[in-house]
Amino acid sequence: MLKQSQKILIKSFNYSNKRIINNSKIGFKNQLFRNYTTNSIKNSINNNNNNANKFNTFLSIITILGIGLTISSSSIILNDSASSKKNAKKLISVEEFVKHNKPDDCWVVIHGNVYDMTDFIPKHPGGRAPITINAGKDVTDIFTPIHPPGVIEQYLPKDKFLGKIDGDAPKPEVVLDDDEIERLDNVDNKPSLNKIFNLHDFEYVAKSILPKNAWAYYSSGSDDEIIMRENHYAYQRIYFRPRILEKVGSIDLSTEMLGIKTSVPFYITATALAKLGHPEGEVAIAKAAGKEDVIQMISTFSSCSLDECAEASIEGQSQC
């Protein structure tokens, strides 16, 4: 068995290791090596608990490794900090930015940050065109409704962040054709909620006020849309027995779904890219669901992050 003083020394070394790994993710491989060394030493001491000299020798090795790796990790931290500070302060003029407006030299601005998208174009899930036709432009308004927070950091290498734009970069041209003018007029004159009685009314209004790409996404299904049509027909095959002259001044629609109490016998299912229909996206849905006590399912490809949706919820709200 290890002596108490030996346990304390090894525990102290392990604590030092944890501080090093918390300070630098890059030190992870070094941490594995140090943990392996520590475990080997423990085993050796267990097998040779009477050999104090052997323990002292190993302890010296631990100390040397700990000091050396701490210095190495500190250097990494300093280098990372200096690199981040350098990128954060770099300003790119609009004049320089707009020069990179070709498929083989493609820069874009998103939320004031300049990114080199050249190497990412072939990998873009939405195809090449959405990026290449907007090279050398500020695409924030196009990007935000259809991409959740953090997607850039997840898929674009750090060295593709080039700096901050110094000024106002040109934006994609918005074409106001007759259809768009009519849509904007419909938005200004949309009916109030108390004039909408069923899902067909909601669908009719949505079609008249949503942008074309948003309506095309929300109203369509995958492949040949057989499942989407069958879902529609399934509800048409359900009939309610009519009841005449029933008192409806006070009704209760509350029920349970999978053991979870809810105010109505339906839930808000996962539909991606809610910001196509509203600037707040899934956050607005979360607020409404919490207010009315309706279960909300959040899409894995939502316009808002799961953290944002959770923060918008109230205590006791059911989200999945």
Side-chain angles (χ1 to χ4, degrees), residues 124-127 129-131 133-134 139-151 172 174-238 257 262 264-292 294-306 308-310 312-313 318-320:
H124 184 230
I131 299 179
I133 64 175
N134 292 301
V139 297
T140 302
D141 294 340
I142 299 175
F143 177 88
T144 303
I146 58 177
H147 296 88
V151 71
V174 178
V175 179
L176 290 178
D177 56 17
D178 292 340
D179 290 339
E180 182 63 10
I181 293 173
E182 181 181 358
R183 185 189 73 82
L184 294 174
D185 184 61
N186 291 335
V187 171
D188 293 334
N189 297 283
K190 64 181 178 182
S192 59
L193 284 177
N194 59 9
K195 294 183 179 179
I196 298 177
F197 298 106
N198 55 42
L199 294 179
H200 296 293
D201 291 345
F202 273 110
E203 188 173 353
Y204 177 82
V205 174
K207 184 177 181 179
S208 67
I209 66 174
L210 287 175
K212 289 181 179 179
N213 62 332
W215 173 250
Y217 179 78
Y218 290 145
S219 64
S220 63
S222 61
D223 298 326
D224 47 19
E225 300 183 340
I226 291 177
I227 299 301
M228 186 183 75
R229 289 196 298 273
E230 282 302 311
N231 288 340
H232 177 73
Y233 295 147
Y235 281 104
Q236 290 187 333
R237 289 193 289 266
I238 298 175
M257 297 180 67
T262 178
V264 288
F266 56 81
Y267 72 100
I268 301 171
T269 195
T271 303
L273 308 181
K275 280 189 177 181
L276 286 175
H278 191 279
E280 286 191 82
E282 288 79 7
V283 166
I285 297 175
K287 292 177 180 177
K291 180 181 178 181
E292 300 298 334
V294 180
I295 298 172
Q296 178 193 13
M297 177 186 286
I298 303 171
S299 171
T300 55
F301 196 61
S302 63
S303 302
C304 304
S305 67
L306 294 178
E308 288 176 315
C309 295
S313 65
S318 298
Q319 294 177 315
C320 57

Taking side chain to side chain donor-acceptor pair (under 3.5 Å) as the criterion, tell me which of Arg229, Gln236, Glu230 meets it with His232. Gln236
Listed partners of Asp141 passing salt bridge (charged side-chain N to carboxylate O under 4.0 Å, His left out), at least two apart: Lys171
Give me the atom names and distance for the closest heavy-atom approach of Pro265 to Met257. C-SD, 4.5 Å
The side chain to side chain contact (heavy atoms under 4.5 Å, CB included) partners of Tyr217 (sequence neighbours excluded) come to Ala272, Leu273, Leu276
So how far is it from Gln296 CD to Glu282 CD, rounded to the nearest 0.5 Å? 8.0 Å
Where Asp179 and Lys212 come nearest, the two heavy atoms and their spacing: OD2-NZ, 3.2 Å
Residues Ile295 and Tyr267: closest non-hydrogen pair is O-CB, 3.4 Å
Can you tell me how far CD1 of Ile268 sits from CD1 of Ile285, rounded to the nearest 0.5 angstrom? 6.5 Å
For residues Ala270 and Ile298, report the shortest heavy-atom separation together with the two atoms involved. CB-C, 4.0 Å
Take Leu193 and Phe202, measure what side chain to side chain contact (heavy atoms under 4.5 Å, CB included) needs, and give me the verdict at the end. CA-CA 9 Å; Leu193 284 177; Phe202 273 110; 3.9 Å; yes
Test side chain to side chain contact (heavy atoms under 4.5 Å, CB included) on Thr144 and Lys275; report intermediate values, then the result. CA-CA 8 Å; Thr144 303; Lys275 280 189 177 181; 3.9 Å; yes
Reported CG-to-CE distance for the pair Asn231 and Met228, which is rounded to 0.5 angstrom: 9.0 Å
Between atom CG of Asn198 and atom OH of Tyr204, what is the distance when rounded to the nearest 0.5 Å? 13.5 Å
In short, Cys309 meets Cys304 closest at the heavy-atom pair SG-CB, 4.2 Å
Indicate yes or no: at least one non-hydrogen side-chain atom of Pro172 is less than 4.5 angstrom from one of Ile142. yes
Quick one: closest heavy-atom pair of Ala310 and Ser313, and the distance? O-OG, 2.5 Å
Ile133 atom CD1, neighbour heavy-atom count above 12 within 6.0 Å: yes
Interatomic distance, OH@Tyr218 vs CG@Asn213, rounded to 0.5 Å, equals 9.5 Å
Return the CG to CG distance between Asn186 and Leu210, rounded to the nearest 0.5 Å. 11.0 Å
Look at atom CG of Leu199 and say whether more than 12 heavy atoms of other residues, nucleotides or ligands are closer to it than 6.0 Å. no
Crowding at CG, Asp177 (>12 non-hydrogen neighbours, <6.0 Å): yes
